[in-house]
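Here's the structure we're looking at; comments come further down.
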Amino acid sequence: MRTGKISYGLGYAGADSEYEESDIIIFGVQYDHTACFKAGAREGPTAIRRASYNFEEMHFEHGTHQELPAVYDYGNVDDFVMPEDMAQEVEFAVGPAIRDGKFPITIGGEHSVNIPVIRNFDKDISVISIDAHLDSRDEYLGTPLSHACIMRRAADHVGVENTFVLGCRAIGEEELDRDDVIPFISAYDIFDNGIDWAIKKALDSVKNEKVYLTIDIDGIDPAYAPGTGTPEPFGLHPYDVKKVINAVGNRLVGFDVCEVCPPADPSGITSILAARLINETIAVYGKNSH
């Protein structure tokens, strides 16, 4: 297992285990070269790691004597300009951990960084995304590895019937005018019917039991997460996302949070929220592993 190097010398808080003994591996992917509105998501891994030191190690709602999983921070994978090169490098870094049975947490970077992660899982998983966008184009701006294509690439790997998007509210006409539309529930329907209803619909829809959960931070309303490349009003509340993580916790096999753009958020609250969602996932994974 090759190890990366965290250039600024600060790993994720609590990630003090060695690779061999770890349950969870954290990867940073500083990539945003297919960004089409605001660039800067490449700074996300550094900002989120720094924000992780804001929190208590334990989150009392999960139990005051909870045994936390062992976490290892790989560092950041090498950066490349072309998305094909990025995908190859992420596969090289993350693939061995998945094959070793580790739980991968990937910190973007733009959303395209999860394409090679998902491809390294067997095809017996489902992919559930929280996102303002459906991200289901065949290609965008000349590449099928764009951030706007991540759910189409997931469907290529696991089947449309094993994909689902929660909270979207910006969809291109070409994404709906086809026979294999990625299943979704809009943020508007979630507002009307509640997040518990939406979670049940998503889990009833996908066929494979194991779930990979991917979060584009723009799925959350920009009032709570302004630091993102493509902010979209009328988004989900952070507590909705917390409930999703807990609801799928005993089925989770991997997780990522992407599209945090620190230059668009001088206050840093978006990075703080992203780190807290990672902590939530670590706590939920630990609770369901013992």
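What you are looking at is a predicted structure, and each value in this text was computed from that prediction instead of being measured.
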Query - D218 (side chain) donor-acceptor with A132 (main chain) under 3.5 angstrom - result: yes
Are any of the side-chain heavy atoms of V94 and I98 separated by less than 4.5 Å? yes
Check your understanding: Would you say S52's side chain and A13's backbone share a donor-acceptor pair under 3.5 angstrom?
Key -> yes
- Joint cluster assignment, L203 & I130, ILVMFWY side-chain distance < 4.5 Å: yes
Contacts of E174 meeting salt bridge (Lys or Arg N to Asp or Glu O under 4.0 Å) (sequence neighbours excluded), chain-then-number -> R137
### Query
Should I26 and I272 be counted in the same cluster of Ile, Leu, Val, Met, Phe, Trp and Tyr side chains packed under 4.5 Å apart?
no
- Item | Polar side chain donor-acceptor pair, D135 to H147, under 3.5 angstrom | no
Is there a donor-acceptor pair closer than 3.5 Å between any side-chain N or O of S17 and the backbone N or O of A70?
-> no
Q) Are any of the side-chain nitrogens in R251 or E209 under 4.0 Å away from the carboxylate oxygens of its partner? A) yes
Discussion item. As a quick check of understanding, evaluate side chain to side chain donor-acceptor pair (under 3.5 Å) for N76 and R42, giving each step before the final call.
Written reply: CA-CA 10 Å; N76 298 323; R42 71 184 68 182; over 6 Å; no
Quiz item: Under 6.0 Å from the CD atom of E56, do we count more than 12 heavy atoms belonging to anything else shown?
Solution: no
Notebook entry, point to check: Does V71 belong to the same Ile/Leu/Val/Met/Phe/Trp/Tyr cluster as M58, with side-chain heavy atoms less than 4.5 Å apart forming each link?
Noted result: no
Co-membership, hydrophobic cluster, residues L68 and I245, 4.5 Å side-chain: no
Q.
Evaluate V257 against I217 for side chain to side chain contact (heavy atoms under 4.5 Å, CB included), listing each step before the verdict.
A. CA-CA 7 Å; V257 60; I217 205 71; 4.2 Å; yes
Ring pair (Phe, Tyr, Trp, His ring centres under 6.0 Å) filter on H157, not counting sequence neighbours, yields none
Query raised in the report: Among side-chain atoms of D124 and N208, is any donor-acceptor pair under 3.5 angstrom?
Result: no
_Counting only heavy atoms from other residues, nucleotides and ligands, does the tally under 6.0 Å from CD of E139 exceed 12?_
yes
The complete set of ring-ring contact (aromatic ring centres under 6.0 Å, His included) pairs with one or both residues in residues 198-222, sequence neighbours excluded, reads F121-Y212
Checklist entry - Is there a donor-acceptor pair under 3.5 Å between the side chain of D177 and the backbone N or O of E173? => result no
Strictly distance-based, threshold 3.5 Å: is any side-chain N or O of Y12 a donor or acceptor partner for the main-chain N or O of G75?
no
Sequence neighbours excluded, the answer for salt bridge (Lys or Arg N to Asp or Glu O under 4.0 Å) partners of K201 is none
May I ask whether Y53 and F55 are part of the same hydrophobic cluster, defined by side-chain heavy atoms of I, L, V, M, F, W, Y residues being less than 4.5 angstrom apart, directly or through others? no
Point to revise | Full working for side chain to side chain contact (heavy atoms under 4.5 Å, CB included) between I125 and N162 | key: CA-CA 7 Å; I125 66 167; N162 286 305; over 6 Å; no
Checklist entry - Do the side chain of T46 and the main chain of E43 share a donor and acceptor less than 3.5 angstrom apart? => result no
Under the side chain to side chain donor-acceptor pair (under 3.5 Å) criterion, do E280 and H62 qualify, and how do the steps go?
-> CA-CA 9 Å; E280 187 73 16; H62 296 294; 2.8 Å; yes
Under a 3.5 Å distance rule, please check whether S186 uses its side chain to pair with a backbone N or O of D189 as donor and acceptor. yes
Of all heavy-atom pairs linking V29 and T106, the shortest is CG2-CG2, 3.8 Å
task = Run the numbers on K102 and Y19 for side chain to side chain contact (heavy atoms under 4.5 Å, CB included), then give the verdict.
result = CA-CA 9 Å; K102 309 293 187 182; Y19 175 83; 4.0 Å; yes
Ignoring hydrogens and angles, state whether a donor on the side chain of S136 or E175 is under 3.5 Å from an acceptor on the partner side chain. yes
_Between D73 and R49, does any side-chain N to carboxylate O distance fall below 4.0 Å?_
yes
Requested in this report: Evaluate the side chain to side chain donor-acceptor pair (under 3.5 Å) criterion for residues R153 and N114: first the C-alpha distance (whole Å), next the side-chain angles of each, then the deciding distance (0.1 Å), finally the verdict.
Outcome: CA-CA 10 Å; R153 300 290 79 79; N114 76 8; over 6 Å; no
### Query
Taking E259 for the side chain and E110 for the main chain, is one N or O donor matched with an acceptor at less than 3.5 Å?
no
Should E84 and E89 be marked as a side chain to side chain contact (heavy atoms under 4.5 Å, CB included) after you check the CA-CA gap, both sets of side-chain angles, and the distance that decides it?
-> CA-CA 9 Å; E84 295 81 7; E89 181 66 12; over 6 Å; no
>> Looking only at the side chains, is there a donor atom on one of N120 and R99 sitting less than 3.5 Å from an acceptor on the other?
In response: yes
Margin query: Taking V284's backbone N and O only, do any of them form a donor-acceptor pair with N288's side chain (distance below 3.5 Å, no angle check)?
Written below: yes
Students should find that the hydrophobic cluster of Y188, defined by side-chain heavy atoms under 4.5 Å apart, otherwise consists of F191, F234
(request) Begin with the C-alpha distance, continue with both residues' side-chain angles, and end with the deciding distance and a verdict on side chain to side chain donor-acceptor pair (under 3.5 Å) for H237 and D221. (result) CA-CA 6 Å; H237 190 282; D221 194 88; over 6 Å; no
Do the non-hydrogen side-chain atoms of P262 and D265 ever get within less than 4.5 Å of each other? no
Side chain N246, main chain K242, donor-acceptor under 3.5 Å:
yes
ring-ring contact (aromatic ring centres under 6.0 Å, His included) pairs touching residues 251-278, sequence neighbours excluded, are none
